[in-house]
Each structure stands twice: as structure tokens, then as C-alpha cells.
Amino acid sequence: MTVAVLAVQGAFAEHGAMLEELGAQVFELRKAEDLERHFDGLVLPGGESTVQGKLLRELGMFGLLQKKIEEGMPVLATCAGLILLAKELSNDTGRYFCTLPVTVKRNAYGRQLGSFFYEGEIKGIGQYPMEFIRAPYIESVDKEVYVLAEVEGKIVAVQYKNQLAMSFHPELTKDSRIHKKFLDMI
Ligand code: GLN
């Protein structure tokens with residue numbers, strides 16, 4: 001199976017390496033023509049959501065990616081990727097794909113807790129190393145959204161149909177069980 005990793009900005013290389021280790025074919029989406037290639041799954045990496053959103057529109061990639069997600073393409077979104085998917089942002093006027101019916105708070109842990117590590121439970125997977133970097137969290141979810149993980153009462157990972165999204169960075173650890181779950185979705 002082939003996975004396309006959005007590579008306009010942010011931590012995309014690590015996702016590709018992890019997916020290749022699990023046996024997937026991977027290529028990077030850098031420009032509109034890359035969307036003409038066939039792919040079975042999409043990764044939206046961490047980084048800066050405002051920059052990614054702006055580049056997606058400027059590069060002419062936004063509409064087609066949104067359509068693919070709406071039509072059921074499996075997506076793995078981490079951190080800024082979660083912000084791109086969210087239907088609502090509670091502390092920002094930006095809106096991007098709006099395909100995931102959740103409300104997300106950007107940079108939700110403030111400056112002092114900008115980056116931290118937590119070992120928490122992910123439903124169906126078990127204990128997981130979670131690396132948070134200027135992370136968002138999910139303030140509320142629609143009732144069809146399945147909550148996969150919470151850290152101190154805040155939702156940090158969800159699944160909704162074809163979309164698997166989390167506020168931490170599984171690609172920055174050695175644990176590839178989330179990427180494996182994503183490949184299983186494909
Ligand atoms: N703070 C970033 C944003 O709001 C997300 C951080 C990340 O992806 N690690 O877009």
C-alpha cells in the first residue's frame with residue numbers, strides 16, 4: 001500500500017521512515033502535481049498549522065486533499081495535522097479541512113508546558129509514550145467521535161471514521177503501534 005505524507009512544512013520525514021519500516025510505500029506531497037499519483041492513505045504531520053494551511057492553499061493542494069478526506073481516504077494526523085482537520089478551533093479564527101467534528105484548542109498547554117512527555121493509555125493499544133510539542137488538545141467532540149486517549153482530563157487522541165488524529169507526536173518515538181493501526185485502517 002502507498003501512503004502520501006504532506007511535506008510542505010514540519011516533521012514529515014519521521015512519519016515516512018516509520019511507515020517504510022512497517023512495509024508501506026511512501027512518497028511526499030510537496031506540490032499539486034504530486035496529488036496525481038495514486039495513494040491509499042494520507043499523513044498530516046506536526047509543524048505550524050497556519051503555515052501549512054496557507055501553503056496548501058497557495059500550492060493549489062487544499063481542495064483536492066479535502067475532497068479525498070471527505071470521501072474516506074484514511075488519514076493519520078498529528079499535532080498541527082489535528083488542527084488542520086478540526087471543524088472548530090476555540091482560540092483561533094483559522095479553519096482548514098473541517099472534516100473532524102471536534103473543537104481543538106491550539107497551543108493549549110501554554111508556554112511553560114510547551115513541550116513535555118507523558119506515558120498514557122491509548123484505547124485498544126495500551127500504554128504509549130506521548131511526546132507533546134506546543135501541542136493542542138481537544139476540548140469537545142461530537143458523539144460519533146471515538147476518544148482514544150486523555151491526559152489529565154484533556155482529550156489528546158481520537159478516531160472518527162477514516163480519521164485518526166492526536167495532539168502528540170508518535171513519529172518522534174520508537175513506538176510504531178499508532179502507525180501500524182493506521183496501516184491496518186488502510
Ligand atoms: N503549535 C502548532 C500549531 O498551532 C502545533 C505544534 C506541533 O505540530 N507540534 O500549529
Side-chain angles (χ1 to χ4, degrees), residues 3-19 26 28-30 41-59 61-62 65-66 69 74-120 122 128-141 145 147-152 154-160 163-179 181-182:
V3 178
V5 179
L6 182 67
V8 294
Q9 189 268 341
F12 49 83
E14 295 85 352
H15 280 290
M18 201 165 240
L19 289 164
V26 177
E28 293 178 349
L29 294 174
R30 295 176 177 275
L42 169 68
V43 174
L44 300 176
E48 199 54 43
S49 53
T50 46
V51 177
Q52 293 182 2
K54 186 169 178 281
L55 286 171
L56 280 170
R57 290 196 169 101
E58 285 175 8
L59 293 165
M61 301 167 83
F62 186 86
L65 280 177
Q66 186 178 43
I69 300 168
V75 188
L76 171 64
T78 60
C79 208
L82 162 67
I83 296 168
L84 293 186
L85 290 181
K87 203 161 182 181
E88 289 294 334
L89 301 178
S90 63
N91 59 346
D92 199 289
T93 54
R95 294 289 179 280
Y96 306 96
F97 295 128
C98 297
T99 50
L100 181 64
V102 301
T103 299
V104 166
K105 183 173 182 184
R106 284 186 69 200
N107 300 318
Y109 293 95
R111 281 188 185 193
Q112 272 159 340
L113 273 180
S115 300
F116 64 100
F117 176 81
Y118 191 91
E119 178 104 19
I122 298 188
Y128 216 89
M130 302 178 186
E131 200 75 63
F132 292 84
I133 303 170
R134 291 181 300 106
Y137 61 63
I138 299 169
E139 284 186 335
S140 62
V141 300
V145 176
V147 174
L148 288 169
E150 290 182 43
V151 168
E152 286 165 0
K154 310 294 186 200
I155 301 168
V156 296
V158 293
Q159 182 168 4
Y160 172 70
Q163 301 169 65
L164 181 61
M166 62 225 59
S167 53
F168 53 93
H169 286 264
E171 80 285 4
L172 299 182
T173 66
K174 294 256 176 290
D175 198 321
S176 59
R177 286 175 293 166
I178 286 180
H179 289 74
K181 178 181 167 70
F182 169 59

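First listed ligand is number 1; within each ligand, the first listed atom is number 1.
- Judged as a ring pair (Phe, Tyr, Trp, His ring centres under 6.0 Å), and not counting sequence neighbours, the contacts of Tyr137 are Tyr109.
- In this structure the side chain of Pro136 never reaches within 4.5 angstrom of the side chain of Lys105, judged on heavy atoms.
- Between Arg106 and Glu48 a salt bridge is recorded (basic side-chain N to carboxylate O distance below 4.0 Å).
- Near ligand 1, residues Gly46, Gly47, Glu48, Ser49, Cys79, Ala80, Ile83, Arg106, Asn107, Ile133, Arg134, His169 each place a heavy atom inside the 4.0 Å sphere around the ligand atoms.
- With sequence neighbours excluded, the residues satisfying ring pair (Phe, Tyr, Trp, His ring centres under 6.0 Å) with His179 are His15.
- Taking the charged nitrogens against the carboxylate oxygens, Lys54 and Glu58 do have a contact shorter than 4.0 Å, which makes a salt bridge.
- Under the salt bridge (Lys or Arg N to Asp or Glu O under 4.0 Å) criterion, Glu119 pairs with no residue at all, not counting sequence neighbours.
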